[in-house]
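All remarks here apply to the structure that follows.
Quick note: numbers below take in every heavy atom, side chains included, and nothing from hydrogens, waters or symmetry partners. The first residue of the sequence shown is numbered 1, and numbering continues consecutively from there. Because the structure is a prediction, the values reported are computed rather than measured.
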Amino acid sequence: MQMHGSCVSRHGNGVLLIGPAGSGKSDLVLRLLGRGFDLVADDRVEIADGIARPPPPLAGLLEVRGLGIVRLPFVAETRLALIAELGAMEPRLPPPARRDRLGLPCVRLDAAAASAPDRIILALDCALGRMSQVAGAFAA
């Protein structure tokens, strides 16, 4: 299946960023690249059996608003571990959520928030069981 969204990877673990046009997906990708993530795909993501790949014509391309479309290094695929739905912030302690279609944990956040990249890092670590939570989106 092909989805409108962007995808980054950290140590082989992918994060799918989804949200309406203008929600900050590409901008958040750019900020995550600065924190050690790898680009997988921007604008469109092909997903099969939990693996995300860039559509060949878009591989390595990232739209940077106000600058244009740039060609960057990218990874050809990653196993998805987390979905980040961009939009308004969730309540302070959101309940655990999953996207049924992909069977992955899902967090909701405001991409424009200064802490958005750090929240993605924490959420990915929680999704992978590297960090535990007392209450909130990944609490057991």
Side-chain angles (χ1 to χ4, degrees):
M1 97 174 92
Q2 194 173 97
M3 293 186 70
H4 174 73
S6 296
C7 184
V8 292
S9 181
R10 184 175 180 219
H11 309 298
N13 300 296
V15 179
L16 178 64
L17 306 173
I18 60 173
S23 62
K25 295 179 293 294
S26 298
D27 184 73
L28 184 53
V29 166
L30 185 61
R31 291 187 283 151
L32 288 166
L33 294 178
R35 286 181 166 78
F37 281 73
D38 296 309
L39 173 66
V40 178
D42 185 44
D43 191 50
R44 299 265 175 225
V45 183
E46 292 182 355
I47 302 169
D49 299 321
I51 304 294
R53 296 176 180 88
L58 301 178
L61 300 180
L62 177 67
E63 180 183 351
V64 180
R65 229 173 258 263
L67 184 60
I69 298 174
V70 296
R71 185 172 301 282
L72 298 172
F74 70 98
V75 295
E77 65 180 39
T78 190
R79 175 154 300 282
L80 291 174
L82 177 69
I83 298 172
E85 188 173 349
L86 306 184
M89 289 286 289
E90 281 290 317
R92 288 176 58 190
L93 298 174
R98 295 186 86 72
R99 291 292 269 203
D100 291 334
R101 190 172 185 187
L102 295 173
L104 293 169
C106 180
V107 294
R108 189 171 171 89
L109 58 94
D110 178 0
S115 64
D118 297 310
R119 290 174 196 237
I120 293 287
I121 292 168
L122 284 172
L124 182 58
D125 285 344
C126 286
L128 295 170
R130 294 182 183 151
M131 185 171 292
S132 63
Q133 215 180 17
V134 175
F138 294 95

>> Set out, in order, the CA-CA distance, both residues' side-chain angles and the distance that settles salt bridge (charged side-chain N to carboxylate O under 4.0 Å, His left out) for R53 and E46, then state yes or no.
In response: CA-CA 5 Å; R53 296 176 180 88; E46 292 182 355; over 6 Å; no
> Are C7 and L80 close enough, and set up right, to give a side-chain contact (heavy atoms from CB on, under 4.5 Å), and what steps lead you there?
Replying inline: CA-CA 9 Å; C7 184; L80 291 174; 3.9 Å; yes
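Taking R10 as the reference, F37, I121, L124, D125 meet the side chain to side chain contact (heavy atoms under 4.5 Å, CB included) condition, with sequence neighbours excluded. In this structure, the side chain to side chain contact (heavy atoms under 4.5 Å, CB included) partners of L72, at least two apart in sequence or on a different chain, are L33, L39, L62, V70. Residues passing the side chain to side chain contact (heavy atoms under 4.5 Å, CB included) test with L122, sequence neighbours excluded: M131.
Remark: L30 CG to E63 CD distance equals 11.5 Å, nearest 0.5 Å. Atom CG of L58 is separated from atom CZ of R44 by 8.5 Å, given to the nearest 0.5 angstrom. For the atom pair NE2 (H4) and CD1 (I18), the distance works out to 10.0 Å, reported to the nearest 0.5 Å. R79 CZ to S9 OG: the interatomic distance, rounded to the nearest 0.5 Å, is 11.5 Å.
The main-chain N or O of P20 is found under 3.5 Å from a side-chain atom of K25 such that the two form a donor-acceptor pair. Side chain of T78 to main chain of G12: a donor-acceptor pair is present (N/O by atom type, distance under 3.5 Å, no hydrogens or angles). Side-chain N or O atoms of D110 include one that pairs as donor or acceptor with a backbone N or O of A112 at under 3.5 Å.
Across every non-hydrogen atom of P55 and Q2, the tightest pair is CG-NE2, 3.8 Å. For the pair A111 and A116, the tightest heavy-atom approach, listed with the atom from each and the gap, is O-CB, 3.6 Å. In this structure, A52 and V45 approach most closely via the heavy-atom pair CB-CG1, 3.7 Å. Minimum interatomic distance between P117 and A113 (heavy atoms only, all atoms of both residues): CD-O, 4.3 Å.
Between R130 and N13 the shortest side-chain heavy-atom distance falls below 4.5 Å. Considering only heavy atoms from C-beta on, L82 comes within 4.5 Å of F138 through its side chain. Within the 4.5 Å cutoff, the side chain of L86 has heavy atoms near those of the L28 side chain. Contact check for D38 versus P73: no side-chain heavy atoms found under the 4.5 Å cut-off. Between L102 and L16 the shortest side-chain heavy-atom distance falls below 4.5 Å. When side chains are defined from C-beta on, L109 counts as touching I120, because their heavy atoms get closer than 4.5 Å. In this structure, the side chains of D43 and S6 stay at 4.5 Å or more apart for every pair of heavy atoms.
For the residue pair S26 / D42, a side-chain donor-acceptor distance below 3.5 Å is found, with atom types taken as modelled.
Linking ILVMFWY side-chain heavy atoms closer than 4.5 Å, directly or via other members, places V75 and V15 in two distinct hydrophobic clusters. At a threshold of 4.5 Å between side-chain heavy atoms, the hydrophobic network of Ile, Leu, Val, Met, Phe, Trp and Tyr places L61 and L67 in two separate groups. When the side chains of ILVMFWY residues are joined at heavy-atom separations under 4.5 Å, either directly or via intervening members, L32 and V64 end up in a single hydrophobic cluster.
A salt bridge links R35 with D118: the distance from a Lys NZ or Arg NE/NH1/NH2 to an Asp or Glu carboxylate oxygen falls below 4.0 Å. We find that R108 and E85 are joined by a salt bridge, their nearest charged nitrogen and carboxylate oxygen being less than 4.0 Å apart.
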